Amino acid sequence: MDKKKKIILISVISVIVLLIIVGVVLYLVLNNNNGNNEIVNEGTENSKLSKLYQELSSKNSFSFETILDDDNKMFYAKSGNMAYTDTDYNGNESKFIIRDGNSYLLVDDTKTYYTYKNNMVNLNEVQEAFDELINTEGFETGKEEINGENYNYEQYAGKTNLTLRSFDEDANNIQTRLYFKGDDLAYIKTISGETEELLKVNISYEVDQSLFEIPSDYKEV
């Protein structure tokens with residue numbers, strides 16, 4: 001083989017090797033990105049949220065607390081066909097007991113309560129919020145660091161009724177991001193454009209049954 005042919009052959013081999021290296025690098029980069037941020041299209045039946053929903057639905061009693069800060073938080077407890085909610089938002093507190101087909105608004109300052117008959121809208125507040133997300137077409141997964149810890153998340157289109165602040169229901173591209181440590185839900189973030197709300201979550205399966213009783217010294221208004 002003459003010198004000219006050798007040069008051509010070496011050049012061709014070099015180009016082929018270079019193309020192979022570029023292809024491998026692109027594959028690794030794309031594969032790494034997909035591992036951290038993946039669109040799941042096959043439905044939500046195998047999601048961590050679905051497992052949590054099934055767990056909560058199977059329990060007779062549980063409590064669910066979301067915390068923005070010391071002045072803004074929501075506590076929800078459920079036992080059978082009874083529920084209790086205590087919401088603090090910007091200095092305003094509201095407490096409800098839901099049982100016997102009615103909702104009762106408790107006013108601690110005056111030790112009184114109001115009865116809303118045939119109203120049990122918030123009885124299954126948490127389960128219904130998660131059920132709406134599960135029934136979306138799919139979800140996005142990823143990882144994010146919060147307060148120095150890494151969490152896996154599932155992100156769903158839309159918002160839940162678990163937010164503390166108001167979000168425009170008609171705004172486009174509202175997302176709900178659920179952060180898990182293992183299978184345990186740790187945070188809920190609602191994202192609407194540049195507006196975000198991050199709530200810390202505490203779940204317990206030990207519930208004080210006295211929460212569902214109207215205090216004996218409260219009078220109906």
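Predicted model, so just to flag it, every value in this text is computed and none were measured.
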**Request:** Considering non-hydrogen atoms only, spot the tightest contact between Ser166 and Tyr89 and give its length.
**Result:**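 Minimum heavy-atom contact is N-OH, 4.4 Å.
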**For the student: nearest non-hydrogen atoms of Phe167 and Ser192, plus distance** =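 Heavy atoms of Phe167 and Ser192 come nearest at CD2-CB, 3.7 Å.
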Co-membership, hydrophobic cluster, residues [X] and [Y], 4.5 Å side-chain:
X      : Y      : value
Val201 : Tyr205 : yes
Tyr76  : Leu52  : yes
Phe75  : Tyr113 : yes

**Full working for side-chain contact (heavy atoms from CB on, under 4.5 Å) between Phe130 and Asn124** = CA-CA 10 Å; Phe130 291 158; Asn124 298 304; over 6 Å; no
What's the separation between atom [atom1] in [X] and atom [atom2] in [Y], rounded to the nearest 0.5 Å?
X      : Y      : atom1 : atom2 : value
Arg165 : Glu196 : CZ    : CD    : 10.0 Å
Leu123 : Asn81  : CG    : CG    : 6.0 Å
Leu56  : Asp131 : CG    : CG    : 12.0 Å
Ile134 : Phe139 : CD1   : CZ    : 10.0 Å
Leu133 : Leu49  : CG    : CG    : 6.0 Å
Ser63  : Lys78  : OG    : NZ    : 13.0 Å

**Message:** Does any part of the side chain of Tyr156, heavy atoms only, come nearer than 4.5 Å to the side chain of Glu137, both counted from C-beta?
**Reply:**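 Heavy-atom side-chain distance check fails, nothing below 4.5 Å.
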**Message:** Working note: Asn150 + Lys143, criterion side-chain contact (heavy atoms from CB on, under 4.5 Å); need CA distance, chi angles, decisive distance, verdict.
**Reply:** CA-CA 7 Å; Asn150 292 317; Lys143 294 181 180 180; 6.0 Å; no
**Request:** Spell out, as yes or no, whether a donor-acceptor pair under 3.5 Å connects the side chain of Glu154 to the backbone of Arg177.
**Result:**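 Not at all, since once roles are kept as given, no pair shorter than 3.5 Å links the two residues.
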**Asked** Between Ser50 (side chain) and Ser47 (backbone), is there a donor-acceptor pair under 3.5 Å?
**Response**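 The answer is no, because no donor-acceptor pair under 3.5 Å joins these two groups.
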With no hydrogens and no angle check, do the side chains of [X] and [Y] hold a donor and an acceptor under 3.5 Å apart?
X      : Y      : answer
Tyr53  : Glu55  : no
Thr115 : Glu220 : yes
Glu132 : Thr160 : no

**Message:** Less than 4.0 angstrom from a charged side-chain N to a carboxylate O is my criterion; do Lys189 and Glu144 meet it?
**Reply:**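 Answer for the salt bridge query: yes.
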**Prompt:** Any salt bridge between Glu149 and Lys181, counting N to O under 4.0 Å?
**Reply:**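 Answer for the salt bridge query: yes.
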**Prompt:** When you look at OH of Tyr114, are more than 12 heavy atoms from neighbouring residues, nucleotides or ligands closer to it than 6.0 Å?
**Reply:**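 Atom OH in Tyr114 is not packed in, count stays at 12 or less.
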**Prompt:** So with a 6.0 Å cut-off around CD of Glu145, is the heavy-atom count from everything else above 12?
**Reply:**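 Enclosed: over 12 neighbouring heavy atoms sit under 6.0 Å from CD of Glu145.
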**Message:** Show, in sequence, the C-alpha distance, side-chain angles and deciding distance for Ser79 and Gln209, and conclude whether the side-chain hydrogen bond (donor to acceptor under 3.5 Å, both in side chains) test is met.
**Reply:** CA-CA 8 Å; Ser79 181; Gln209 294 299 307; 3.2 Å; yes
Check: residues 64-73 side-chain donor-acceptor pairs under 3.5 Å, at least two apart:
residue, atom, partner, partner atom, Å
Glu65, OE1, Asn202, ND2, 3.3
Asp69, OD1, Asp71, N, 2.9
Asp69, OD1, Asn72, N, 2.9
Asp69, OD1, Asn72, ND2, 2.9
Asp69, OD2, Asn72, ND2, 3.4
Asn72, OD1, Asn90, N, 2.8

**Request:** With side-chain contact (heavy atoms from CB on, under 4.5 Å) as the test, would you mind laying out the steps for Asp86 and Met74 before giving the verdict?
**Result:** CA-CA 6 Å; Asp86 184 353; Met74 186 276 292; over 6 Å; no
For residues 97-112, tabulate all N or O donor-acceptor pairs below 3.5 Å that involve a side-chain atom, not counting sequence neighbours.
residue, atom, partner, partner atom, Å
Arg99, NH1, Phe212, O, 3.0
Arg99, NH1, Glu213, OE2, 3.2
Asn102, OD1, Asn118, N, 2.9
Asn102, ND2, Tyr104, OH, 3.1
Ser103, OG, Asn119, O, 2.5
Asp108, OD1, Tyr218, OH, 2.6
Asp108, OD2, Lys95, NZ, 2.7
Thr110, OG1, Thr112, OG1, 2.7
Lys111, NZ, Asp217, OD2, 3.1

**Asked** Tell me, which pairs form a ring pair (Phe, Tyr, Trp, His ring centres under 6.0 Å) where one or both residues lie in residues 174-201, sequence neighbours left out?
**Response**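 The answer is Tyr151-Tyr187, Tyr153-Tyr179.
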**Message:** Using the rule given for side-chain contact (heavy atoms from CB on, under 4.5 Å), can you reason through Val126 versus Leu162, listing the C-alpha separation, both sets of side-chain angles and the distance that settles it, and then say yes or no?
**Reply:** CA-CA 7 Å; Val126 172; Leu162 301 176; 4.3 Å; yes
**Asked** When Gln155 is tested against each of Thr176, Leu178, Ile191, Thr141 for side chain to side chain contact (heavy atoms under 4.5 Å, CB included), which residue passes?
**Response**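 The single option meeting the side chain to side chain contact (heavy atoms under 4.5 Å, CB included) with Gln155 is Ile191.
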